[in-house]
Amino acid sequence: MMEKDLQYVLRRGVTEIIVEQELVRLLESGKRLRLKMGFDPSRPDIHLGHVVGMRKLRQFQELGHQVVLIVGDWTAQIGDPSGTSQTRQMLSAEEVRANAETYLQQFFKVVDREKTEVLWQSEWFGKFTLADVIRLTSKFTVAQLLAREDFNQRYSAGRPIAITELLYPLLQAYDSVMMEADVEFGGIDQKFNCLMGRELQQMMGQTPQHVFLMPLLVGTDGQQKMSKSLDNYIAIEDTPEDMYGKVMSIPDSLLMDYFELLTDVPDEELEEFRRGLSAQSVNPMILKKRLAREIVGQFHGTDASNEAESNFEKVVQKKEVPEEIMEIAFSFTSPTSGPNEKLVRPPFTHGTEGFLGEGESISALPRVISTIDIPGVLLAKSLVKSRAEAKRLIVQGAVSMDGRVIHESEAQVYADSIIRIGKRRWVKIVDADAKQ
RNA sequence: GGAGGGGUGGGUGAGCGGCUAAUACCAGCAGACUGUAAAUCUGCCGCCUGAAAUGGCUACGUAGGUUCGAAUCCUACCCCCUCCA
């Protein structure tokens with residue numbers, strides 16, 4: 001049983017383990033290992049890309065090991081040069097602290113807080129002197145650092161590399177020494193930095209850490225790794241509905257990766273899914289719904305994930321109006337004043353008169369009617385960036401009211417009329433007077 | 001210290017006195033088709049005004065200047081990059 005668990009943890013969602021044989025021996029020795037994971041508090045939000053590593057940490061915790069989370073309050077200032085971003089803004093100490101707080105809160109949604117130790121880099125780098133810097137940097141050569149692929153590329157392409165960027169791997173390596181890491185976890189793009197940790201530990205008389213590398217989660221665009229700056233991410237703070245919808249929008253090609261990296265669905269079942277997909281005997285959409293339920297459930301519970309699913313079926317698949325929508329108050333009795341301001345065009349032409357039958361009064365009618373300026377409404381609720389945009393959308397037939405496409409900026413609305421823009425934006429006009 | 005290159009819309013990147021709100025590509029938005037998948041096709045993609053043709057305003061690092069007219073020319077300043085030392 002134990003054996004099987006270990007194999008699962010070492011196989012599922014893993015790209016590379018350095019050095020695997022040794023790590024296995026170490027795990028079998030029964031020693032409580034110190035597992036290193038670092039993060040830069042340059043951005044506070046955690047998304048599913050981070051969750052891949054966090055889940056792995058959790059699995060090791062369940063085997064009895066200790067997580068040590070390093071808050072990179074110094075490296076955050078440099079910005080990890082890996083990937084596209086070049087220069088990053090320096091953050092103030094307060095920003096870093098606030099980001100870190102938010103991060104931790106989210107981190108412990110997955111990782112067991114009881115078995116986690118949090119260390120800040122400033123505990124050691126805060127005391128660093130120039131002498132220390134020189135001592136650290138003298139251990140490595142430029143050639144060693146240029147071995148890193150992205151440095152190498154930039155260098156040979158004649159593009160700039162800041163000295164602080166070269167420092168980044170060294171600082172990260174030094175963290176491993178200070179916390180006496182047994183294993184460092186990271187995405188495959190962290191390989192170089194983690195290996196530097198091994199070297200430095202060895203130079204400083206420690207047993208070199210093992211390195212546990214995981215695949216990078218591809219974002220919702222199906223192209224690049226999930227990241228906030230590319231806006232292809234699913235945040236763990238997303239509402240259940242959003243999260244569900246975003247999962248549904250990933251390309252089919254990512255389906256199995258997501259299952260493997262982000263859920264506990266057993267390998268045997270995943271095999272079945274794969275067979276079904278390649279034999280085309282199963283609709284990927286069905287599997288994706290399962291995936292979405294699994295993921296939403298992890299962060300919001302099964303009730304919320306079921307609700308998110310029925311909401312999705314109702315709103316997206318059946319194209320009905322969602323349960324909860326934004327409302328805007330409109331006074332039908334005095335359409336040209338009060339809260340309406342920009343909602344009614346100055347030459348107010350249509351009122352209730354003419355819509356009343358013989359002997360009817362306003363109160364006898366279930367709904368009142370008035371003419372309203374649609375772009376004004378959309379703008380007032382920030383559903384649109386400008387009037388111009390609203391008009392464009394109307395021209396393109398993207399705006400409908402009570403199920404009918406609108407072609408003009410002015411439209412007749414009733415109390416409780418519902419305006420829809422595109423696929424996922426709604427507003428409801430409510431009677432301000434009735435609401436009082 | 002010296003020589004050279006460059007700063008254009010969310011990104012890449014053309015334009016180098018009027019035809020330029022500014023080519024193209026990417027991203028984004030919307031429509032068709034759909035499974036909120038992919039692929040494809042179509043339209044949009046600075047702001048305000050107008051039903052619309054139109055009109056006005058703001059924008060090509062910053063500040064001035066030349067000109068009937070400037071992203072395009074001149075001056076100063078700021079910033080970035082490359083090479084030599």
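Here the structure is a predicted model, which is why all the values come from computation and not from measurement.
- Taking atom CZ of A/Arg420 as the reference point, atom P of B/C29 lies 15 Å away to the nearest angstrom.
- When the C1' atom is compared between B/U62 and B/A52, the two are found 40 Å apart, to the nearest whole Å.
- On the C1' atoms, B/C80 is 10 Å away from B/G61, given to the nearest whole Å.
- When Watson-Crick and G-U wobble pairs are counted only if both distances are under 3.5 Å, B/C73 pairs with B/G65.
- The P atoms of B/U8 and B/C81 are separated by 14 Å, rounded to the nearest whole Å.
- Atom P of B/C74 sits at a distance of 32 Å from the matching atom of B/A85, rounded to the whole Å.
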Kindly list each side-chain donor-acceptor pair under 3.5 angstrom involving residues 284-298 of chain A, sequence neighbours excluded, with atom names and distances?
unit_1: A/Lys288; atom_1: NZ; unit_2: A/Met248; atom_2: O; d: 3.4
unit_1: A/Lys288; atom_1: NZ; unit_2: A/Ile250; atom_2: O; d: 2.6
unit_1: A/Lys288; atom_1: NZ; unit_2: A/Asp252; atom_2: OD1; d: 3.1
unit_1: A/Lys289; atom_1: NZ; unit_2: A/Glu313; atom_2: OE2; d: 2.8
unit_1: A/Lys289; atom_1: NZ; unit_2: A/Gln317; atom_2: OE1; d: 3.0
unit_1: A/Arg290; atom_1: NE; unit_2: A/Glu294; atom_2: OE2; d: 3.0
unit_1: A/Arg290; atom_1: NH1; unit_2: A/Glu269; atom_2: OE2; d: 2.9
unit_1: A/Arg290; atom_1: NH2; unit_2: A/Glu269; atom_2: OE2; d: 3.4
unit_1: A/Arg290; atom_1: NH2; unit_2: A/Glu294; atom_2: OE2; d: 3.3
unit_1: A/Arg293; atom_1: NE; unit_2: A/Glu309; atom_2: OE1; d: 3.1
unit_1: A/Arg293; atom_1: NE; unit_2: A/Glu309; atom_2: OE2; d: 3.3
unit_1: A/Gln298; atom_1: OE1; unit_2: A/Arg55; atom_2: NH1; d: 3.1
unit_1: A/Gln298; atom_1: NE2; unit_2: A/Leu262; atom_2: O; d: 2.5

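- Residue whose closest nucleotide on RNA chain B sits further toward the 5' end, between A/Leu379 and A/Gly397: A/Gly397.
- Counting only N and O atoms by type, the side chains of A/Gln190 and A/Glu184 include no donor and acceptor under 3.5 Å apart.
- Applying the 4.0 Å criterion to OP1 and OP2 of B/A51, one finds that A/Ser409 has every side-chain N and O outside that range.
- Using a 4.0 Å cutoff on non-hydrogen atoms, the parts of residues 290-322 of chain A near RNA chain B are A/Phe312, A/Val316, A/Gln317, ordered by number.
- For the residue pair A/Glu410 and A/Thr371, the shortest heavy atom distance occurs at OE1-CG2, 3.7 Å.
- Using modelled atom types and a 3.5 Å distance limit, the side chains of A/Thr75 and A/Gln121 yield a donor-acceptor pair.
- For B/C19, there is no paired nucleotide, since no Watson-Crick or G-U wobble pair has both relevant distances below 3.5 Å.
- Pairing of B/G50, defined by two Watson-Crick or G-U wobble distances under 3.5 Å, is not identified with any nucleotide.
- Separating the C1' atom of B/A14 from that of B/A51 is a span of 37 Å, rounded to the nearest Å.
- B/U36 atom P lies 16 Å from atom CD1 of A/Ile234, rounded to whole Å.
- Within the shown strands, B/G11 is the pairing partner of B/C25 under the Watson-Crick or G-U definition, both distances less than 3.5 Å.
- A tilted orientation is assigned to the rings of A/Phe312 and A/Tyr244, their planes being inclined by 30° to 60°.
- Using the Watson-Crick or G-U wobble rule with both distances under 3.5 Å, B/C60 pairs with nothing in any strand shown.
- Among residue pairs with one or both ends in residues 131-141 of chain A, those qualifying as salt bridge (charged side-chain N to carboxylate O under 4.0 Å, His left out) are A/Asp132-A/Arg135; sequence neighbours excluded.
- In this entry the distance linking CD1 of A/Ile394 with P of B/G31 reads 13 Å, nearest Å.
- The NZ atom of A/Lys391 sits 9 Å away from the C1' atom of B/A51 (whole-angstrom rounding).
- With no hydrogens or angles considered, a side-chain donor-acceptor pair links A/Asp402 and A/Ser417 at under 3.5 Å.
- The six-membered or imidazole ring of A/Phe107 lies away from that of A/Phe39, with a centre-to-centre distance of 6.0 Å or more.
- At the heavy-atom level, A/Gly422 lies under 4.0 Å from the strands shown only through sugar-phosphate atoms.
- Following rounding to the nearest Å, A/Arg387 (CZ) and B/A51 (C1') show an atom-to-atom distance of 13 Å.
- Straight-line distance from the NZ atom of A/Lys385 to the C1' atom of B/G9: 13 Å, rounded to whole Å.
- Here the separation of B/A21 from B/U72, taken at their C1' atoms, is 16 Å to the nearest Å.
- Nucleotide B/C41: paired with B/G31 (Watson-Crick or G-U wobble, both distances less than 3.5 Å).
- B/U67 sits 9 Å from B/G17 when the C1' atoms are compared, rounded to a whole Å.
- Atom CD of A/Glu408 is surrounded by 12 or fewer heavy atoms from other residues, nucleotides or ligands within 6.0 Å.
- Using a 4.0 Å cut-off on heavy atoms, the residues of residues 274-285 of chain A that approach RNA chain B are A/Pro284, A/Met285, listed by number.
- A ring-centre distance under 6.0 Å is found for A/Phe128 and A/Tyr174.
- In this structure, A/Glu408 atom CD and B/A52 atom P are separated by 10 Å, rounded to whole Å.
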(message) I need a per-nucleotide contact map over nucleotides 37-44 of chain B, read 5' to 3'. Cutoff is protein heavy atoms under 4.0 Å; write B for the base, S for backbone only, - otherwise.
(response) B-----BS

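- The side chain to side chain contact (heavy atoms under 4.5 Å, CB included) test with A/Val110 singles out one residue from A/His50, A/Met54, A/Lys56, and that residue is A/Met54.
- Rounded to whole Å, the P atom of B/C77 lies 38 Å from the corresponding atom of B/A24.
- Between A/Lys109 and A/Glu237 there is a salt bridge, since at least one side-chain N of the basic residue sits less than 4.0 Å from a carboxylate O of the acidic one.
- Nearer the 5' end of RNA chain B, as judged by each residue's closest nucleotide, is the contact made by A/Glu389, out of A/Gly245 and A/Glu389.
- Checking A/Asn311 against A/Glu323 by side-chain atom types alone, no donor-acceptor pair falls below 3.5 Å.
- With a cut-off of 3.5 Å on both pairing distances, the Watson-Crick or G-U wobble partner of B/G1 is B/C84.
- An OP1 or OP2 oxygen of B/A30 is reached within less than 4.0 angstrom by a side-chain nitrogen or oxygen of A/Arg425.
- Remark: P of B/G11 and CG of A/Asp221 are 18 Å apart, rounded to the nearest angstrom.
- Residue pairs that meet the salt bridge (charged side-chain N to carboxylate O under 4.0 Å, His left out) test with at least one member in residues 418-427 of chain A, sequence neighbours left out, are A/Asp242-A/Arg424.
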